[in-house]
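Quick notes on the structure that follows.
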Amino acid sequence: MERAQVGIVGAGPAGLVLAMLLEREGIECRVLELRDREYVEGRIRAGLLEQGTVDLLADLGVDERLRREGFHHSSFEVRFDGRRHRIPLSELTGGPGTWIYGQQEVVKDLIAALERRGVPIEFEAAAAQIEDAESDRPTIRYERGGEERRLACDLIAGCDGFHGIARQTLPDAVLGTYSQSYPFAWLGILAEAAPMTTEELIYAHHPHGFALHSFRSTELSRLYLQVPPTDDPDRWSDSEIWAELQRRLQVEDGAALNEGPILQKSITPMRAFVAEPMQHGNLFLAGDAAHIVPPTAAKGLNLAVSDVRLLARAMTDHLLRGDRGALDAYSATALRGVWDVQAFSWEMTNIFHHVPGDELAAKIQAAQLRRLCSSPTYTRMFCEAYAGLARRDGHPDLREAPPA
């Protein structure tokens, strides 16, 4: 039997940031990760960071490479009806913008920082079961190197993603889930081609479907096309992908996309999911273990960081000061932010994605896009949600009781 104050299942952004926050307070924690380090550091995910996420990474001392290699954005562009519209994000939100920096790079930085601080991360540690979650000594049973082990903890954080064991530990009588699958998906490519711009992202609404222009560096473009959810990336030739991207992103006064070899292509499903509650006994869920958002607004990593910021403060209060109030309120407090993000992601997804054969939806989308590009009040509210300010302002104090 091994021992730690906090056992963390999963070495994604949620688990790693939580470990950093707890280590700073002198709380002993251990991270168990199913995959090997190479896989964890190499899995590609969205790279849009809210300023609040960047500020937290800076506070933890893991922002040096982000500041050097990342790209700060103070605006984004919307394209529809063959025209381009610049949305002045920072101007409307009073300063904060967003950053482009790959999630896998954030993960690399966090793992390196935890290594320097001596926080143990056990890779290829397959958590099989969480036992006695309702007791004062919950335990993680896991296997590593062909040997079964047990880790006894005061508290356990389930940061092991949608398919992990943590959420499955909650009894059926306790757990409620809400989900929606959208009738479209994204075909995403990584291409060896200079992006049209590194100053802002470009979101395009087109009768053929949504398109997004993003990038990973000055030499690598990251681009997405709306496709049917059953589509196969191998069905698309490189020339067909480039032709469709050119079509959907074309504007009257805009340059053509730079084309080049496509290095990767994949299909991303569009879905929303929330589990309630996000805690049971001394087990607490964070990140994708508790919720999934459609990728349109790129909120997954940022919402995971928001979860563990709350959770770390609550665990610290309990373990160091004997105050369990914030810990008991964690789920109710975090879920307010989760539903705020789901609402905005739902809104943004429905504004930009074409629904074939639905003329009513097309007319409503046109009205919403005109309002986004012309109404100062609506645009400001949209930008506050896009930058993460609306959620952050929604629960400034962890001890604040949620509304009845």
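For clarity, every value in this text was computed on a predicted model and none was experimentally measured. The residues of the chain are indexed from 1 along the displayed sequence.
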Does the side chain of S90 pick up a donor-acceptor pair with the side chain of S74 at under 3.5 Å?
no
Hey, are E200 and S75 close enough side-chain-wise for a donor-acceptor pair under 3.5 Å?
yes
Does Q104 reach the side chain of V40, with side-chain heavy atoms less than 4.5 Å apart?
no
Can you list the residues that meet the salt bridge (charged side-chain N to carboxylate O under 4.0 Å, His left out) rule with E240, with sequence neighbours excluded?
none
Examine F344 together with F382 and report whether their ring centres are nearer than 6.0 Å.
yes
So, Q368 versus E347: side-chain donor-acceptor pair below 3.5 Å or not?
no
Under the ring-ring contact (aromatic ring centres under 6.0 Å, His included) definition, can you give me all pairs with a residue in residues 260-294, not counting sequence neighbours?
F162-F273
Would you say W242's side chain and G260's backbone share a donor-acceptor pair under 3.5 angstrom?
yes
Going by side chain to side chain contact (heavy atoms under 4.5 Å, CB included), name the residues that satisfy it together with T198, two or more places apart in sequence or in a different chain.
F71, P195, F215, T218
Would you kindly say whether N302 and T53 are connected by a side-chain donor-acceptor distance under 3.5 Å?
yes
So, does N258 use its side chain to make a donor-acceptor pair with the main chain of A194 at under 3.5 Å?
yes
Before giving the answer on side-chain contact (heavy atoms from CB on, under 4.5 Å), spell out for L155 and L327 the whole-Å C-alpha distance, their side-chain angles and the decisive distance to 0.1 Å.
CA-CA 10 Å; L155 305 170; L327 198 59; 3.9 Å; yes
Please confirm whether the ring centroid of F210 lies under 6.0 Å from the ring centroid of F184.
no
So, are R84 and E77 salt-bridged, with charged N and O less than 4.0 Å apart?
yes
Got a salt bridge between E143 and R149, using NZ or NE/NH1/NH2 to carboxylate O under 4.0 Å?
no
Once salt bridge (charged side-chain N to carboxylate O under 4.0 Å, His left out) is applied, do any residues pair with R167, and if so which ones, sequence neighbours excluded?
none
In terms of the angle between their ring planes, are Y224 and W186 parallel, tilted or perpendicular, with boundaries placed at 30° and 60°?
tilted
Show me the side-chain donor-acceptor pairs of residues 9-25 shorter than 3.5 Å, one per line, residues at least two apart or across chains.
residue, atom, partner, partner atom, Å
R24, NH1, D59, OD2, 2.6
R24, NH2, D59, OD2, 3.4

Salt bridge between R137 and D154, side-chain N to carboxylate O under 4.0 Å?
yes
Give the intermediate values and the outcome of salt bridge (charged side-chain N to carboxylate O under 4.0 Å, His left out) for residues E131 and R150.
CA-CA 10 Å; E131 301 172 339; R150 299 177 74 217; 3.1 Å; yes
Counterpart residues, salt bridge (charged side-chain N to carboxylate O under 4.0 Å, His left out), relative to D109 (two or more places apart)
R65
Looking at R380 and E384, does any basic side-chain N land under 4.0 Å from a carboxylate oxygen?
no
Y178-W339 aromatic ring centre distance below 6.0 Å:
yes
Within the structure provided, determine whether W346 and Q180 are in side-chain contact (heavy-atom separation under 4.5 Å).
yes
Side-chain donor/acceptor of D63 to backbone N/O of L66, under 3.5 Å
no
Would you say E2 and Y142 are linked by a side-chain donor-acceptor pair, where the criterion is simply a distance under 3.5 Å?
yes
